[in-house]
Structure formats: structure tokens, C-alpha cells
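First the structure, in the form of C-alpha cells, and then the observations on it.
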Amino acid sequence: MIDKFNIGPRSVSRRGLLGGAAAGAMTLGLGGAANAQKPLVIGFIYVGPRDDYGYNQAHAEAAAVLKKMPGVKVQEEEKVPETVSVEKTMESMINLDGATLVFPTSFGYFDPYMLKVAGKYPKIQFRHCGGLWTEGKHPMNTGSYFGYIDEAQYLAGIVAGSVTKSGKLGFVAAKPIPQVLRNINAFTMGAQSVNPKVTTQVIFTGDWALPVKEAEATNSMIAQGVDVVTCHVDSPKVVVETAERAGIYTCGYHCNQAKLAPKGYLTGAEWNWERIYVDMVNDMKAGKAPGNFVRGGLKEGYVRTSAYGPAVPAAVRDKADAAKLAVLNGSLSIYKGALKDNKGNVVIPAGTSYVITEPKLESMNYLVEGVVGSTS
Amino acid sequence: MASDLGLWSVPLAMIAGAIRVSTPFIFVSVGECLTERSGRINLGLEGTMIMGAMSGYGVALVSGSPWLGVLVAAGVGMLLGALHAAICQLPRVNDVATGIGMMLFGTGLAFFLGKPLIQPKAPNLGAIDFGWWSSIPQIHQALQVNYLFIIGVVLAFAMAWALKNTRWGLIVRLAGESVDAALAIGASVARTRLIATSIGGAFAGVGGAFLSLYYPGSWNEGLSSGQGLMAVALVIFARWEPVRCLWASLLFGAAGAISPALQSVGVTQGYYLFSAAPYVLTLALMIATCSPERSLRGAPAELGAVK
């Protein structure tokens with residue numbers, strides 16, 4: 001980061017130079033030829049360390065796949081706060097490294113930072129993870145992508161609900177925002193699909209990375225008899241390790257944590273960002289702009305489940321695999337009526353069933369029946 | 001069965017939380033108590049703690065012995081404490097500003113050197129099982145006590161005794177209360193403060209090692225998240241008394257456990273408020289014990305004086 005600040009002032013002249021060269025090539029009709037020689041430079045920006053066993057690692061693993069593609073150069077910067085410093089990072093990636101496609105991967109980068117830089121560099125493509133890109137409202141050189149990971153959570157819930165002996169599952173969550181609530185609800189409904197009596201205890205820690213609170217939350221649920229725990233925090237490492245030490249089961253999140261819990265790891269909901277990134281890079285190579293609004297779940301391959309751990313019996317694996325098949329061929333809908341929240345209100349009326357892309361689901365503000373917890 | 005305890009499990013969880021969470025607070029605040037009694041303030045303990053956590057974890061990983069990690073963490077803490085003391089000894093140096101500098105230095109250095117330590121798993125300091133007699137899982141879990149917690153409790157009492165009853169304790173207090181008096185009996189104020197600050201640093205290093213080697217028990221960059229700073233504030237809260245530092249740390253640990261404990265028994269409304277409990281508690285007690293008539297009781301007279 002330091003060296004980029006030091007050579008910052010030079011970037012202005014460098015930008016002018018690059019722009020001039022590109023214009024020159026274009027007027028000569030050599031655009032295509034020049035592109036074939038020059039590698040495609042892609043910038044990745046992470047909010048935390050890229051080996052955190054969590055959200056950032058999931059992106060970095062996909063970036064590592066891109067690095068192996070011919071004619072592609074990947075630039076990464078980690079631990080960039082969601083402040084004006086992400087603008088500086090984006091600008092130095094564009095001006096100094098020549099990046100033409102930038103992936104700011106953290107939620108808070110989108111508005112206003114990425115939108116501002118995108119306005120300044122209309123020829124550069126920006127794709128943001130998790131934002132809600134809207135045509136007409138946001139520039140055309142920006143876009144957003146995300147995965148319906150609640151589908152994978154539903155499958156993990158089936159495994160958790162089959163394996164639990166106490167009938168109590170635990171969920172350590174950071175904040176009650178729609179993405180988190182979808183995961184808690186899908187996990188619970190998956191478990192209830194095999195055992196209607198299962199409840200999920202949820203504990204909100206209040207922020208994305210609070211290791212001591214996460215350990216404390218896990219321990220207090222274990223004391224209450226919870227025997228399968230999962231989470232939605234930036235790095236599941238602490239939760240998974242604490243559970244393994246106490247001898248209970250865990251389901252992972254973001255990426256595969258089986259190494260941290262060789263005995264108790266059941267399965268987990270993982271991102272598979274490389275599917276999105278490889279497609280977008282191929283679009284760039286073909287001279288097209290990548291999609292502006294990219295969403296997908298198990299079917300598109302954007303999310304997946306971890307390989308089953310040794311504690312999952314064959315019959316349970318078959319049950320989860322059957323449900324996966326049903327999600328893939330569209331015969332199973334996770335969100336269908338009549339669905340009640342945990343205060344007794346009907347949130348999806350009987351006879352209604354939502355497809356996973358339903359926009360109403362993106363503003364979820366309730367916990368379903370069987371979840372012990374509250375959104376406020 | 002677990003749920004039989006009902007609401008009784010909340011106080012039990014708070015005691016368990018106090019034992020689990022308070023250890024780093026005990027070490028940092030008792031160490032800082034000694035440092036401040038000698039007339040020096042070290043705000044850099046947050047950085048010292050993180051360096052201790054990182055170096056302890058790294059050494060435990062390489063050597064396979066978590067206790068060697070604790071020892072190295074103490075050594076690293078001692079060096080950082082000595083560095084702080086040495087800088088503060090220069091003329092016209094403000095120890096508050098130096099402390100903030102040391103905090104940023106320690107944190108940055110630990111993040112830089114700790115990069116390769118995020119993924120691997122180091123051995124854990126074990127716990128003593130005091131709950132073997134009980135068949136109730138909550139009690140069993142609550143009484144898993146780490147050795148460092150016991151050492152911390154003993155240290156707090158030993159420190160209080162030493163400050164009161166030994167010649168060395170007298171010199172430390174003199175250096176903090178009146179430099180002239182200390183000089184009059186022929187004690188070196190600079191040397192006393194150097195030693196007191198180094199020991200305080202070593203304690204903070206051990207507190208950090210507890211975080212990375214026992215609870216939560218792994219190295220990552222959000223590990224401390226301000227606990228070192230809170231521990232320094234606890235010293236003021238405890239009126240510069242080591243044993244009161246111990247009580248304050250336990251109280252703080254218990255207050256921190258309220259939010260998850262209540263949520264786990266189904267009291268789920270207003271958890272943001274419960275999460276703020278430790279800070280509300282600190283404020284309330286500060287207001288209750290302050291007085292417009294006098295300055296903070298127990299504050300060493302030379303504390304924060306700039307030469």
C-alpha cells in the first residue's frame with residue numbers, strides 16, 4: 001500500500017500516456033491486435049486478509065484460478081477498509097497496473113466509492129459483489145453479482161437436522177440483514193424438512209469480526225445443549241474451532257473449513273466465485289462487457305456444498321443429495337407457503353411459492369417458525 | 001438435561017464468561033497498574049498485547065509448546081515495555097503520545113509479521129477441569145479453568161502485597177507519588193520506571209498469548225479488538241489497586257457474557273443494548289464514584305507529568 005502512495009503523483013501523467021496510446025491504437029484500427037499482446041489485468045480488492053478461512057478466502061481462491069488463465073494478470077490488495085481508501089486502491093490499480101476489470105468484493109465498497117470511480121473511468125469495467133445494481137440508476141460500466149447461498153444452507157440444514165441428537169441447532173450471526181436472515185431461515189427449514197421438531201438458536205454478535213464474542217456465543221449455545229453449530233460471520237474459523245474442541249458438529253460457511261474440524265465437520269455452504277469470474281474474464285477477452293446483474297445458485301454453480309465429513313451417515317448423504325437434485329431440476333422450492341415467522345405471523349400465504357430469484361426475498365426481515373431469536 | 005436450569009443458566013453463563021473472557025483484562029490491567037503506580041502511563045499495551053498474541057502463537061506453532069509461546073510473548077512484551085520506558089525517559093517526551101505511537105507500531109508490526117500465521121493451527125494451552133463432580137453440562141463447562149487465569153489471580157494479590165509491604169513496592173510508589181522524595185532516599189526514578197514499565201509490558205504480552213493460545217485460541221487480525229485499551233481504562237476504574245483490577249476485570253468479563261447468555265436462553269429482544277452492558281456499567285460506576293470535591297482518589301501524583 002505504501003509504495004502505491006509514494007508513486008501516486010506520477011499516476012496522472014501515466015494515465016494520460018496510456019489513454020493517448022490507446023487512442024492512437026484505435027485510430028489505426030489496431031485495437032484488437034494490441035489487446036491480444038497485452039495481458040488482461042484484473043484487480044481484486046478484499047476487505048480482510050485473503051487467508052481468513054472465510055469470505056475473503058473464497059474470493060482469493062477464485063482469483064487464484066484466474067491467475068492460471070493465459071493472457072490474464074491478477075492484481076490483489078487485501079485489508080482495504082470500506083472508506084475513501086478503496087477509491088485510491090482502485091485508481092492505482094487502473095493507472096499504475098493497467099487494470100481494465102476491477103472486482104471490489106466487499107459490500108460497503110459499492111456506494112459511493114465504486115460508483116464514483118466508475119464515473120471517472122467510463123472505459124474500465126467494475127463488478128461488485130453483493131450490491132443491488134439497477135439499470136438507469138447506476139452506470140453501465142458497473143454491475144453486481146451474487147449467489148443464492150441459502151440453497152446450499154438448506155442442504156446443510158438437512159444434514160444438520162438429521163445428525164442432531166438434541167434437536168437444537170445453533171447459528172452465530174453477525175447482523176440481522178436480509179442475506180443473513182435468508183441463511184438462518186433456509187438452514188432451519190432444511191433441518192425441519194427431515195425433523196419438524198428441530199429448533200435453531202440464533203445469537204447475533206453485532207459485527208462481522210469479533211472473535212471473542214463468537215467464541216462466547218458458541219460456548220453459551222453448547223451449554224444449552226446445541227449439538228450442531230454454523231455461522232454467518234466474516235471468518236468461521238473461531239466458531240468451527242470452538243465447536244470442534246467441545247466435541248460437537250459444525251457446518252461451514254463461505255469456504256471449506258474441514259481442515260479445522262476433521263471430526264465434527266458435517267458439510268458447509270460455500271461460494272464458487274470462479275464460475276462467475278471465469279465467465280466475466282472470457283467476456284472481456286471476447287471484447288464484450290461482462291453482465292451487469294449476475295445472480296445464480298446451485299444450478300448455475302455459483303454456490304456449492306462442502307464434501308461430507310466422516311460423521312455424516314450414508315442415508316443422510318442420500319437424503320441431502322436427493323434434495324440437491326430436486327433444487328437443481330426446479331421441483332423443490334425452499335420458500336413456499338404457508339410459512340409463519342417465529343411470532344406467528346404468516347409471511348408467505350398458503351399456495352404461494354417463491355422462486356429463489358424473487359425480489360421480495362432480498363428484503364427479508366423475519367425469522368421463520370422454529371428459530372429462537374429476534375431481528376431486533 | 002441442559003434446559004432444566006432455565007433462567008439460572010444466565011448467572012452461571014456470566015460466571016463462566018467472567019472466567020473465560022477476563023484473563024487478558026486481568027494481566028493487562030494488573031501490569032498497567034504497576035506501571036502507573038511508578039508514575040508512568042503506557043497506552044501502548046493494546047499493541048503490546050497483539051504482539052504477544054502473534055509471537056506466542058508463532059513460537060507455539062514452530063516449537064509445539066504453547067508454554068514456550070507464553071514465555072516468548074512475555075519477553076516480547078517486556079522489550080516493548082522497555083522501549084516505551086526508554087523513549088519516555090528522554091526530556092520533554094509526552095508518555096501519552098508515545099504510548100499511542102507504540103500502540104500503532106505494535107499492531108502494525110504484529111499484522112505484518114503475523115501474515116503467515118493466520119492459516120496454521122498452533123497447540124492450545126489446556127484447561128484444568130474443576131467441574132468433574134457435576135453432571136450438569138453448564139457447570140462442567142463453566143469450571144474449565146485455564147492455568148493463566150489462576151496465575152493472573154495470584155499475581156493480582158501478590159502485586160497488591162508487594163506494593164504495600166516490600167521496600168521495592170515502596171520505591172515504586174515513591175516514584176509515582178513524589179520524584180523528590182524518591183531521590184531523597186537515593187532511589188533512581190528512571191530505573192524504577194524502566195523496570196515497572198517492562199514488567200507491565202511482559203504482563204500484557206502474556207494477556208495477548210492467552211487470546212491466541214487459549215480463548216478464542218487462534219491468531220487473526222481482529223483478535224484483540226480494543227481489549228488492551230479497555231484494560232488500561234480499567235486501571236482508572238479500579239483506582240490503581242491490583243486487587244480491584246482483578247474484580248473489575250471479572251465484572252467486565254461477566255458483563256460481556258450477558259448478551260450471548262441471554263440470547264441462548266431465548267431472551268432475544270434488545271441484544272444490542274446488552275452488548276453495550278460492559279461500557280454502560282463502566283460509565284455508571286464512574287459517575288457513581290466520582291466527586292466534585294476532589295480529584296480521582298488513588299491517582300499517583302506524578303502520573304502524566306512531563307519533565
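Heavy-atom basis, side chains included; hydrogens, waters and symmetry copies ignored. Throughout, protein chains are lettered first and strands after them, A, B, ... in sequence-line order, and every chain is numbered starting at 1.
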Side chain / backbone / both / neither for [X] at chain B, heavy atoms under 4.5 Å:
X: A:Gln57; answer: side chain
X: A:Thr375; answer: backbone
X: A:Val172; answer: neither

[X] portion near chain A, given a 4.5 angstrom heavy-atom threshold:
X: B:Pro116; result: neither
X: B:Leu262; result: neither
X: B:Gln144; result: neither

Is a side-chain N or O of [X] found less than 3.5 angstrom from the main chain of [Y], in a donor-acceptor match?
X: A:Glu214; Y: B:Pro216; value: no
X: A:Glu216; Y: B:Pro260; value: no
X: A:Lys213; Y: B:Ala257; value: no

Classify the side-chain pair A:Asn219/B:Tyr215 by whether it contains a donor and acceptor separated by less than 3.5 Å.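 Present: a donor and an acceptor within the cut-off.
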Can you tell me if [atom1] on [X] sees more than 12 non-hydrogen neighbours from other groups inside 6.0 Å?
X: B:Phe111; atom1: CZ; answer: yes
X: A:Phe107; atom1: CZ; answer: no
X: A:Lys340; atom1: NZ; answer: no

Assess whether a salt bridge exists between B:Lys115 and A:Glu78, defined as any Lys/Arg side-chain N lying under 4.0 Å from an Asp/Glu carboxylate O. yes
Where [X] and [Y] come nearest, the two heavy atoms and their spacing:
X: B:Tyr57; Y: A:Lys237; answer: OH-NZ, 4.2 Å
X: A:Phe204; Y: B:Gln263; answer: N-OE1, 2.9 Å
X: A:Arg245; Y: B:Tyr214; answer: NH1-O, 3.8 Å
X: B:Ser275; Y: A:Thr205; answer: OG-O, 4.5 Å

Any side-chain heavy-atom pair of [X] and [Y] under 4.5 Å:
X: A:Lys259; Y: B:Lys121; answer: no
X: B:Glu221; Y: A:Pro49; answer: yes
X: B:Ser264; Y: A:Ile203; answer: yes
X: A:Val212; Y: B:Val21; answer: yes

Euclidean distance, B:Asn220 CG relative to A:Asp52 CG, rounded to 0.5 Å: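 It comes to 9.0 Å.
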Are A:Val238 and B:Ser218 close enough, and set up right, to give a side chain to side chain contact (heavy atoms under 4.5 Å, CB included), and what steps lead you there? CA-CA 7 Å; A:Val238 166; B:Ser218 62; 4.1 Å; yes
